[in-house]
Amino acid sequence: MQNIVDLVNSTRVYDIASDTPLSMAYQLSMRSGNTIYLKREDKQIVHSFKLRGAYQKISGLSVEQAAKGVVASSAGNHAQGVALSASKLGIESVIVMPLSTPKIKVNAVEQLGGKVVLHGDMYDDAFVYAKQLEQQQDLVFIHPYDDIEVISGQATIAKELLKQNPKMDKIFIPVGGGGLIAGIATYIKHYASNIQIIGVEPEDSPTLYQALKNGERVALPEVGRFADGVAVKQIGEVTYPIAKKVVDEVVLVSNDEICAAIKDIYEDVRSIAEPAGALATAGLKKYIEQNNIKDENLVAIISGANVNFDRLRYIAERADLGEQNEAIIAATIDEKPGSFLQFCELLDSHAITEFNYRYTPNDQARIFVGVALSEGLKEKRY
Ligand SMILES: *Cc1c(COP(=O)(O)O)cnc(C)c1O
């Protein structure tokens with residue numbers, strides 16, 4: 001893919017994108033016995049890397065294309081990247097967002113100069129409508145990942161990494177449609193084929209994992225929406241053949257592990273990543289644990305930080321589960337004297353963190369109880 005390498009080396013994305021810092025994560029490093037760095041895409045002005053791809057694409061349009069204006073569909077980070085890039089270049093942008101998009105995200109896109117059209121219940125509906133507008137109003141469609149220019153824009157991260165930390169052993173990259181990983185991995189393998197590229201996906205939206213396993217792209221019947229930045233049904237048509245060649249492995253993580261990684265990132269660099277933004281860090285932790293990695297130089301991308309403030313309560317609660325500091329037990333017991341006491345005895349000396357007791361009509365009781373786990377388990381976490 002010489003094309004991607006050349007496009008990166010002649011890029012104009014720094015008109016608008018920052019060459020973001022690579023922060024050492026001291027606590028994660030100490031706990032795991034490795035040297036761990038986090039690539040700070042949360043520091044971009046739109047708090048995600050998406051403006052790199054959007055600007056690379058839009059800045060490369062011909063004069064005639066630019067005069068038509070651009071259209072994109074997105075519920076989140078791509079929308080902001082396109083709106084900002086287009087405004088900067090004096091090009092009009094129309095962004096189709098699902099009706100359910102939070103007002104805060106709609107406002108952000110409007111403030112960046114994008115014209116928002118609310119349409120459909122889900123991202124897929126917005127996508128279809130944006131493709132209609134492309135035809136009807138003769139606009140240029142800007143795809144969030146399935147486009148060589150967009151992929152090359154995301155790949156500019158790789159050039160920065162090689163300069164910032166040439167000693168890397170492995171890079172952990174979140175995967176949605178696959179543009180970010182296809183771009184970074186292609187550039188890295190071209191200059192340093194010894195560096196390993198590990199993709200990370202949520203267990204409930206494993207698009208690249210399933211495609212590699214089946215040897216072809218698979219449309220997932222359902223995808224989890226927790227890490228909304230990577231909630232895609234199918235890996236890209238353009239990105240998959242590239243990823244297949246340059247990605248070494250894919251790790252899957254649970255939503256609780258993502259929440260625990262959000263906390264780790266906060267503790268190390270005082271940034272609050274969105275779930276997709278913390279995905280790579282969650283994968284890095286899991287990979288170290290599963291493969292007993294020591295003394296390696298590892299990098300995870302913090303890909304975004306656009307999280308609604310009101311979700312933080314939920315994330316903080318789940319983080320303890322992901323770290324295995326806490327376990328939730330659900331049990332049904334007979335509603336008769338002594339049985340609750342017996343249940344409590346089973347909990348031994350564990351501290352109770354949460355408790356719920358509910359009668360059911362058939363002389364039984366349903367109990368949900370959260371218990372703190374021992375220091376021993378805590379120490380094993382890293
Ligand atoms: C878009 C996005 C991703 C995934 O990028 P793809 O190119 O679709 O694989 C990961 N994290 C965040 C925060 C994103 O916005």
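What you see is a predicted model, and the numbers here were worked out from it, not measured in a lab. Because only heavy atoms are used, hydrogens play no part in the values below, and waters and symmetry mates are left out as well, while side chains stay in.
A cation-pi arrangement is absent between R12 and Y14 under the rule of less than 6.0 angstrom and at most 45 degrees off the ring axis.
Across every non-hydrogen atom of P174 and I301, the tightest pair is CD-CB, 4.2 Å.
Salt bridge status for R31 with D268: absent, with no side-chain N to carboxylate O gap under 4.0 Å. A salt bridge links E134 to K131: one of the charged nitrogens lies within less than 4.0 Å of a carboxylate oxygen. Salt bridge E249/K170: absent, no basic N to carboxylate O contact under 4.0 Å. Between D15 and K88 there is no salt bridge, since none of the side-chain N atoms of the basic residue sits less than 4.0 Å from a carboxylate O of the acidic one.
Heavy-atom neighbours of M30 CE from other residues, nucleotides or ligands within 6.0 Å: at or below the threshold of 12. Heavy atoms of other residues, nucleotides or ligands lying less than 6.0 angstrom from NZ of K163 number more than 12.
At a threshold of 4.5 Å between non-hydrogen side-chain atoms, the residues E41 and R52 count as touching.
Ring pair Y123/F127 is tilted by interplanar angle, where 30° to 60° counts as tilted. Between Y191 and Y187, the ring-plane angle classifies as tilted under the 30° and 60° cut-offs. Between Y287 and F172, the angle of the ring planes goes over 60°, which puts this pair in the perpendicular group of the 30/60° scheme.
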